[in-house]
There are 2 protein chains.
Amino acid sequence: MPDKLPRMAESAPSSELLTKKRRDILNFIDHTQRTRGYPPSVREIGEACQLASPASVQFHLKVLQQQGFLERDPSKPRALRVNLPRAQELGVGAAVMQVPMLGDVAAGLGTLAEQNFSGEMVAVPQHLGPVGTLFALRVKGDSMVGDGIFERDVVVARRQSTADVGEIVVAGIFDQQEATIKRIDFDRAHNRVTLKPSNPAYTPMNFAADEVQIYGKVVFLQREI
Amino acid sequence: MPDKLPRMAESAPSSELLTKKRRDILNFIDHTQRTRGYPPSVREIGEACQLASPASVQFHLKVLQQQGFLERDPSKPRALRVNLPRAQELGVGAAVMQVPMLGDVAAGLGTLAEQNFSGEMVAVPQHLGPVGTLFALRVKGDSMVGDGIFERDVVVARRQSTADVGEIVVAGIFDQQEATIKRIDFDRAHNRVTLKPSNPAYTPMNFAADEVQIYGKVVFLQREI
DNA sequence: TAATTCATCGTACATATGTTCGTTCGCTTT
DNA sequence: AAAGCGAACGAACATATGTACGATGAATTA
């Protein structure tokens, strides 16, 4: 004989759009979905939110659905989806791929080969190039602030060993154990290469062509603010 | 009489840990989970991955589970969870979520509400915040170059109506039909707000506090170069 | 006081779903 | 050729789940 608990119809009038109980339910669905990977069943919601009958949960779910907080497919169990936003249902767009984070640039990263791969991956739009030709680096220093490339930014480069004048490249300098990001300029007549910072506080560096190894061209940047 | 298709046991030996079929299944589960909000049923997997019998799917799920790519609760329908860390080692799945691109900032975007949603989505790291609280904007103008925010950059903001001094925010100005990205400063004594460009060519703008509406705080930026 | 609404209960029912079983068909190994 | 194995099939079954129905009590309104 299940003891009928008093209904305690929210002594706090809760004149809001969302009653406490319904807020609880929404939160529980969202939390479950997030932590466990799949949404709760009606009965699980009941248990978590102190509702002994599936019908009670059903009642609230229906309201939440009409209010647009929830979407569901009646024919499928656990087919719940919280609609806190209202935008992202059309999961279309922006195909993404993962590129390896090879480490810091302008810190000793040797040959910039896969050896430096830490396991960290960075998600970037697929149209940047074929997977496998791209890699990510974390920026150290402020030599490129003029191009909006700041310390700690993540840049993504496409692997290539040549570049055009004026492009931003990841380059290694002969027998230095590090690579840098700079704008590149050529003096083909004299077979020399200039790597130009975009921060006026730094001076361009000039090298013999065979002293500079181009690793790739910077094609993408992202920053957490 | 259902035509038994030839089993075509992967003419490519697929000496890998993950056969093509099982990779498909993992990807489908992950994708469904991501776009639809809840995992597929065994039969839905079968339909999507060309397996006519639920038993066939069951067979693969069991293997995936033993390999550690998948976790499930046998007693519950749709209780599937992809083990992302494990799966991502093999390039399946992504720690990425999609946020809606609401349009240009510093071009007429009215209330910055979902009305402006074009359907375009931007992929960003999941740890930026709960899905639904984030939105993306494309930058117009050069008023924030000092902070490395350039024309055509995509910024991602977290929806919030308050901010701390010095933070970069998306703000709307009273009765102007547009929003801007600026650093914010308060003069609480006089109840005024200053929106500061980071380009020295522009001058800060000062408003009464109730003339400025904060839409969100900029938390992420990406740029194609 | 009567009527209405909100929130809850328990029960019953249809079904979507997961699982098990036995079988078959290629391929590889013995 | 026989045996073993991976991968698929269909059918049958147990049940977890969603839903509908009717009833009840508290609070609010008429």
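Basis for what follows: all heavy atoms, side chains included, without hydrogens, waters or symmetry-related copies. On a predicted model such as this, the values are computed, not experimentally measured, just so you know. Numbers restart at 1 for each chain; the letters A, B, ... are given by sequence-line order, proteins then strands.
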Rounded to whole Å, the CG-C1' distance (Leu51(B) to dG10(D)) equals 14 Å
Can a side chain N or O of His60(A) be found less than 4.0 Å away from OP1 or OP2 on dT8(C)? yes
Here the distance between atom P of dC9(C) and atom CD of Glu47(A), to the nearest Å, is 13 Å
Taken to the nearest whole Å, CD1/Ile45(B) to C1'/dT19(C) is 14 Å
In B/S/- notation (B base, S sugar-phosphate only, - none; protein heavy atoms under 4.0 Å), nucleotides 15-21 of chain D written 5' to 3' is -SBBBBB
Taken to the nearest whole Å, CZ/Phe59(A) to C1'/dG10(C) is 17 Å
Rounded to whole Å, NZ of Lys21(A) lies from P of dA27(D) at a distance of 16 Å
Distance-only, no hydrogens or angles: does the Glu44(A) side chain make a donor-acceptor pair with backbone N or O of Ser41(A) under 3.5 Å? yes
Q | Test item: Arg183(B) side-chain N/O and Gly166(B) main-chain N/O as donor-acceptor pair under 3.5 Å | A | yes
note: Ile25(A), atom CD1; dC6(C), atom C1'; distance rounded to Å ~ 14 Å
Discussion item. Given 3.5 Å as the limit, does a donor-acceptor pair link the side chain of Lys21(B) with the main chain of Cys49(B), or not?
Written reply: yes
| task | For the residue pair Lys182(B) and Ser143(B), confirm or rule out a side-chain donor-acceptor distance under 3.5 Å. | result | yes
task: Consider only side-chain N and O atoms of Asp147(B) and Ser198(B), and report whether a donor and an acceptor are under 3.5 Å apart.
output: yes
| Is the side chain of Arg223(A) donor-acceptor paired with the backbone N or O of Gly148(B) at a distance under 3.5 Å, no angle test? | yes
| query | Does a side-chain N or O from Ser56(B) land closer than 4.0 Å to OP1 or OP2 of dA7(D), or not? | reply | no
